[in-house]
Amino acid sequence: MSKTIKSTYKNKTIFPQVRNTALFGALSLLVFFLMLNFSDIAIEYMKKGLQLCAKTVIPSLFPFMVISELIVGSGVGIRLTRILAKPMRCIFGVSEAGASAFMLGAVCGFPLGAKTAVSMYDKGVISKQEITRLMTFCNNPGSAFIISAVGVSLFGSQAVGILIYVCVILSALLIGAMGNLFFKKLPDVSPSRCEICNSVEIGTFTSAIQSSASSMLTVCAYVAFFSSFVGCIGAIFSRLGLPKYITANVFGLFELSSGVGMAAESANRFFAIVLCSAFAGWSGISVHCQIMAICAGRGISFKPYFIAKAAQAILCATMTAIALKFVFPSQNKALAEVFMPRDNLSASYGGALACIAFFLCSVTPFAVNFVARAKIGVKKSKKI
């Protein structure tokens, strides 16, 4: 055995790679046999995912993707957000260029925030450190999805959708502010890095269309796959007779729209709204995969992103519960009178509470890791 191989075994650098390969292979085989066994359900939910892409995802996202590319390519985004330079620097520790990524992501929904940030990074407007920090708070569900699809369609109340959306945006702002407090301060952006394009060619428009089409195809592929995967998981849970709150948690962990749809079926509307808010803050592994695919090949670290989304889920659930209980007691009372069953109320509360506790406990380790890493970073910076 050569010295290189011996040192490799001695340093144990090969074992993490073997573990990751074995885990990935086991999960791949599990998904393969799962879809093979429930092939009819997988095909049915794949069709539903493709219909969702054709009716909702593409019409609501593709035009804004093109517009965001044009905004970044022409430099209009930097011109419009220069007024926010000082607030963005003081509160979030990023340049004014990050304001356009946050605003587009907040209004139009993911993955538009990440797409805008990646476009600015590719053009040299922001650094790798800044795009890593932007990823932690600029990717959120769109206002149309939360207010219309969740609030109006699932709960029959626009006020509920507005409440969840406000909690999602406020929690994202808090995550961004926490990042500025705990992480290393970014250097000021020099004027040469924020140089605005004065001439826009026809190639800017064509490249915006091509880039947006490629990103849109990636998003639709993830939506279709995870729709099929979640459908197979639901089929297993229904055969096992597991409680709905476990199914809702698993659905929300992987895919947002399926998670909120299952959570809305809970008999207790108060906890159903809180759980939907937690799902909206977490966004789902499907969305995380879309973000990673858009950022692929640029060497961006996603550990802060995952930790921040887990912390945002906890913040969203907490803020929504406080708002329903104390800030909007009339709305909470109306929900209780209209939606909650008067019989077996204690069982409804118990199941819903277990549902929220189960999901929050699953994402709490990410938040604890976030705080621990932040404290370590503060101590190191003080020593330096």
Side-chain angles (χ1 to χ4, degrees), residues 23-65 108-112 114-115 139 141-142 144-146 148-150 153-154 210-265 275-276 279-280 282-296 306 309 359 362:
L23 179 62
F24 184 78
L27 290 175
S28 300
L29 288 175
L30 177 63
V31 175
F32 173 74
F33 286 112
L34 188 66
M35 292 191 174
L36 190 64
N37 190 30
F38 299 99
S39 58
D40 52 341
I41 297 176
I43 293 173
E44 179 185 354
Y45 275 85
M46 181 72 71
K47 291 179 180 179
K48 290 182 179 179
L50 293 174
Q51 290 175 358
L52 178 65
C53 292
K55 294 180 179 180
T56 304
V57 177
I58 296 177
S60 62
L61 278 183
F62 183 70
F64 293 103
M65 280 190 172
C108 304
F110 35 63
L112 205 57
K115 188 74 172 61
N139 294 290
F145 173 77
I146 296 296
S148 300
V150 178
S153 299
L154 296 180
Q210 293 174 354
S211 176
S212 301
S214 177
S215 300
M216 195 74 257
L217 182 62
T218 301
V219 170
C220 291
Y222 280 108
V223 170
F225 173 79
F226 276 94
S227 177
S228 179
F229 174 72
V230 167
C232 295
I233 293 292
I236 293 179
F237 286 0
S238 62
R239 288 189 179 184
L240 295 176
L242 295 177
K244 280 190 176 182
Y245 68 86
I246 295 180
T247 306
N249 277 284
V250 175
F251 279 18
L253 184 67
F254 285 99
E255 211 271 318
L256 176 59
S257 59
S258 301
V260 295
M262 182 63 66
E265 296 179 4
L275 190 62
C276 285
F279 291 162
W282 169 247
S283 301
I285 295 177
S286 174
V287 171
H288 303 334
C289 291
Q290 297 170 26
I291 302 299
M292 289 189 289
I294 290 174
C295 302
F306 280 103
K309 295 305 290 184
F359 180 77
S362 65

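Just so we're clear, the structure is a prediction, and the values are computed from it rather than from any experiment.
Atom CD1 of residue Ile291 and atom OG1 of residue Thr218 lie 11.5 Å apart, to the nearest 0.5 angstrom. To the nearest 0.5 angstrom, Leu29 atom CG is 11.5 Å from Leu36 atom CG. Rounded to the nearest 0.5 angstrom, Phe62 CZ and Met216 CE are separated by 8.5 Å. Separating the OH atom in Tyr222 from the CD1 atom in Ile285 is a distance of 12.5 Å, to the nearest 0.5 Å. From Ser39, atom OG reaches atom CG of Leu34 across 11.0 Å, with rounding to the nearest 0.5 Å.
Residues Val219 and Val57 meet the side-chain proximity criterion, which asks for heavy atoms closer than 4.5 Å. Contact of the Pro111 side chain with the Met65 side chain is registered, since non-hydrogen atoms from C-beta on lie closer than 4.5 Å.
Here the side chain of Ser283 pairs a donor or acceptor atom with the backbone of Ala280 at under 3.5 angstrom.
Using cut-offs of 30° and 60° for the angle between ring planes, the Trp282 and Phe306 rings count as tilted.
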With side-chain contact (heavy atoms from CB on, under 4.5 Å) as the criterion, how do Leu256 and Phe110 come out once you've worked through the C-alpha distance, each side chain's angles and the decisive distance to 0.1 Å?
CA-CA 12 Å; Leu256 176 59; Phe110 35 63; 3.7 Å; yes

Under the criterion side-chain contact (heavy atoms from CB on, under 4.5 Å), I'd like the reasoning laid out for Leu52 against Lys48: C-alpha separation, chi angles, the key distance, then a yes or no.
CA-CA 6 Å; Leu52 178 65; Lys48 290 182 179 179; over 6 Å; no

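Under the side chain to side chain donor-acceptor pair (under 3.5 Å) criterion, Ser211 pairs with Glu69, Lys115, sequence neighbours left out. Shown here are the side chain to side chain donor-acceptor pair (under 3.5 Å) partners of Glu265, two or more places apart in sequence or in another chain: Lys244.
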Residues 223-239 side chain polar contacts: donor-acceptor under 3.5 Å, at least two apart:
| residue | atom | partner | partner atom | Å |
| --- | --- | --- | --- | --- |
| Ser227 | OG | Tyr45 | O | 2.8 |
| Ser228 | OG | Ala42 | O | 3.0 |
| Ser238 | OG | Gly234 | O | 3.3 |
| Ser238 | OG | Ala235 | O | 2.7 |

